[in-house]
Amino acid sequence: MNVYTSSYLKSILISKGIESKVEDADYIIVNTCAVREKVKEKIYSYLGKVNKIKNKDAKLIIIGCLSEVEKDEINKKFKPYLLGLFDKESELENIGKLIEGEIKKTKLNQVSRYLPVIFGCDHFCSYCIVPFARGREKSKTLDTVIKEAEEIYNEGAKEIILLGQNVNDYGKDLKISDGFLILLKEISKIPFFRISFLTSHPKNFKLQWIPELKNIPNLLQLFHLPLQSGSNKVLQLMRRGYTKEIYYEIVEKIREEFPDASITTDILVGFPGEDEEDFLETVDLIKKIEFDRAFMFIYSKRPFTKGESFKNEVPHDEKLKRINHLIKIQDEITLKKYGKYIGKEVEVLIENIKDKKGIGKEKGGRVVIVEEVDKDDFGKIIKAKIDRVNIRELFGKKLNYMN
Ligand code: 5AD
Ligand code: SF4
């Protein structure tokens, strides 16, 4: 979401030019995150630095989640000119008008573009600050999303990624049942090479949607489904609303319908009450599921959340030990799964080219680095033969034919 708001701001602020140095800027916009304590500390230290080096008349604008949940502290410490969440396009345009007078949108020359379709979150997981920062779920109307997606297509994008904290809740607040599926079907009528969505909540990811998704030919077969824990006890403490059995059923159904899909996840380590046995259940489930990739986080206490007052905290050393163990296991799994691609041909949509190397994704969303691409390959789907892998990417050479 923050990557999107920053790029949206860029597209409407370009007319007066964007300075690369804070010292020279008339306005400084800092887009913040509040999800983990460490991120907050980094932002505070950055804001302190900015305030020291900026021109004394320069105006500091602070947006994003932290602006909402730490309003008073930020106001006191950094005295910004403007402070607030600013997650909707119309609100970002107000910042644009304030700076530019009148705004003019500049075309973004990006192959892959984000589009938020639902804002906020209604779930209140006991570790998470997001609902307090971003408020309740609010979907854009279907007409709005279609219009915006068409605009993105007409600007030259080849891939669209539909965004939401819980993208599969799309339409619930508008009382559209199965809104997520209807949305995907509608967007698939626009001839993007690829359509993707991020992030799904396992609680509301309906099993019966999965076979229906097969009718969407341009769907990127990437399913990011944050698991958080493999222990039903911890999942309940986290207020996730599913069990590991329900989660596993979703994974099995996806693999049955989309054998080449990548399934990725987030794991939260060291939530209060997670004992050794719970942790081992997470280890077992990760080994059983074999995610393509997993993003691991150490739990940190967040204000406003239910979890803030939970007893049975896990000592920091233990959290570190657990996360390192999980990362090691997952790295081996990723290498094993990615290794199966060596010698195989994949179709890659080239999103960027740097030093003759093309960067893109294959149809299951795995990142591929392709050697010896041409300038003309930008925005095209090309074939590549994979010859090596690491825990993040597949590497290959371009094949000079397409079927
Ligand atoms: N501490 C650490 N990680 C967190 N996440 C959410 N809240 C916290 C927290 N308090 C992680 C979750 C989520 C990802 C975006 O960030 O794993 O899926
Ligand atoms: Fe946070 Fe849970 Fe909402 Fe995701 S679903 S944003 S983890 S409260």
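Every number for a ligand or one of its atoms is a count from 1 in the order of the listing.
- With respect to atom 4 (C) of ligand 1, the closest heavy atom belonging to the protein is Arg36 NH1, 3.5 Å.
- A donor-acceptor contact closer than 3.5 angstrom links the side chains of Tyr127 and Arg240.
- Contact atoms of ligand 2 toward Phe124: 8 (S) (distance under 4.0 Å to a heavy atom of the residue).
- Regarding atom 1 (N) of ligand 1, its nearest protein heavy-atom neighbour is Ser300 N, 3.0 Å.
- Taking backbone and side chain together, His123 holds no N, O or S atom under 2.8 Å from atom 3 (Fe) of ligand 2.
- For atom 8 (C) of ligand 1, the nearest non-hydrogen atom of the protein is Val35 O, 3.7 Å.
- Ligand 2 places these atoms under 4.0 Å from at least one heavy atom of His201: 5 (S).
- Proximity of a side-chain donor or acceptor of Ser11 to a complementary backbone N or O of Tyr8 within less than 3.5 Å is detected.
- In this structure, Lys40 satisfies the cation-pi test against Tyr44, with its NZ or CZ atom closer than 6.0 Å to the six-membered ring centre and inside 45 degrees of the ring normal.
- Counting heavy atoms only, Tyr127 comes closest to atom 7 (N) of ligand 1 of the residues Phe271, Phe295, Tyr127.
- The shortest contact between atom 14 (C) of ligand 1 and any protein heavy atom is with Asp266 OD2, 3.5 Å.
- No donor-acceptor contact under 3.5 angstrom links the side chains of Asn168 and Asn204, judged on distance only.
- In this structure, the protein non-hydrogen atom closest to atom 3 (Fe) of ligand 2 is Cys121 SG, 2.2 Å.
- Neither the backbone nor the side chain of Thr199 comes within 4.0 Å of ligand 2, counting heavy atoms alone.
- Ion pairing of Glu277 with Lys233 is absent here, as no side-chain N (NZ or NE/NH1/NH2) approaches a carboxylate O to less than 4.0 Å.
- Close contacts of ligand 2 with Pro131, meaning ligand atoms under 4.0 Å from a residue heavy atom, involve 8 (S).
- Counting heavy atoms closer than 4.0 Å to ligand 1, residue Leu268 contributes side-chain atoms (C-beta onward) but none from N, CA, C or O.
- Residue contacts with ligand 1, taken as heavy atom pairs separated by less than 4.0 Å, involve Ile298 solely via the backbone atoms N, CA, C and O.
- Looking at Ser262, its side chain does come within 3.5 Å of a backbone N or O of Gly364 through a donor-acceptor pair.
- For the 3.5 Å distance criterion, the side chains of Glu245 and Asn232 qualify, holding a donor opposite an acceptor.
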Item checked: Residue pair Cys33, Asn2: steps toward the side-chain contact (heavy atoms from CB on, under 4.5 Å) verdict -> CA-CA 8 Å; Cys33 171; Asn2 277 10; 4.2 Å; yes
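- Set against the non-hydrogen atoms of Arg302, the atoms of ligand 1 under 4.0 Å away are 10 (N).
- A donor-acceptor pair shorter than 3.5 Å can be found between the side chains of Ser231 and Asp278.
- Atom 17 (O) of ligand 1 has its closest protein heavy atom at Gln228 OE1, 2.8 Å.
- In this structure, the protein non-hydrogen atom closest to atom 1 (Fe) of ligand 2 is Cys128 SG, 2.3 Å.
- Residue Phe297 has at least one heavy-atom neighbour below 4.0 Å for each of these atoms of ligand 1: 3 (N), 11 (C), 14 (C), 17 (O).
- The heavy-atom pair separating Pro131 from Arg136 by the smallest distance is O-NH2, 2.9 Å.
- Gln228 and Tyr299 form no side-chain donor-acceptor contact under 3.5 Å, judged by distance and modelled atom types alone.
- A donor-acceptor contact closer than 3.5 angstrom is absent between the side chains of Glu41 and Ser45.
- By the 4.0 Å heavy-atom criterion, Arg240 is counted among the residues contacting ligand 2.
- No hydrogens or angles considered: a donor-acceptor pair under 3.5 Å links the side chains of Asn390 and Glu393.
- Counting only heavy atoms from C-beta outward, the side chains of Ile250 and Ile254 approach each other to under 4.5 Å.
- The distance from ligand 2 to the heavy atoms of Gln165 drops below 4.0 Å at these ligand atoms: 6 (S).
- In this structure, atom 8 (S) of ligand 2 lies nearest to the protein heavy atom Cys125 N, 3.3 Å.
- For Glu37, no heavy-atom contact with ligand 1 is shorter than 4.0 Å.
- Protein heavy atom in closest approach to atom 7 (S) of ligand 2: Tyr127 OH, 3.2 Å.
- Short contacts between ligand 2 and Val130, defined as distances under 4.0 Å to a heavy atom of the residue, involve ligand atoms 6 (S).
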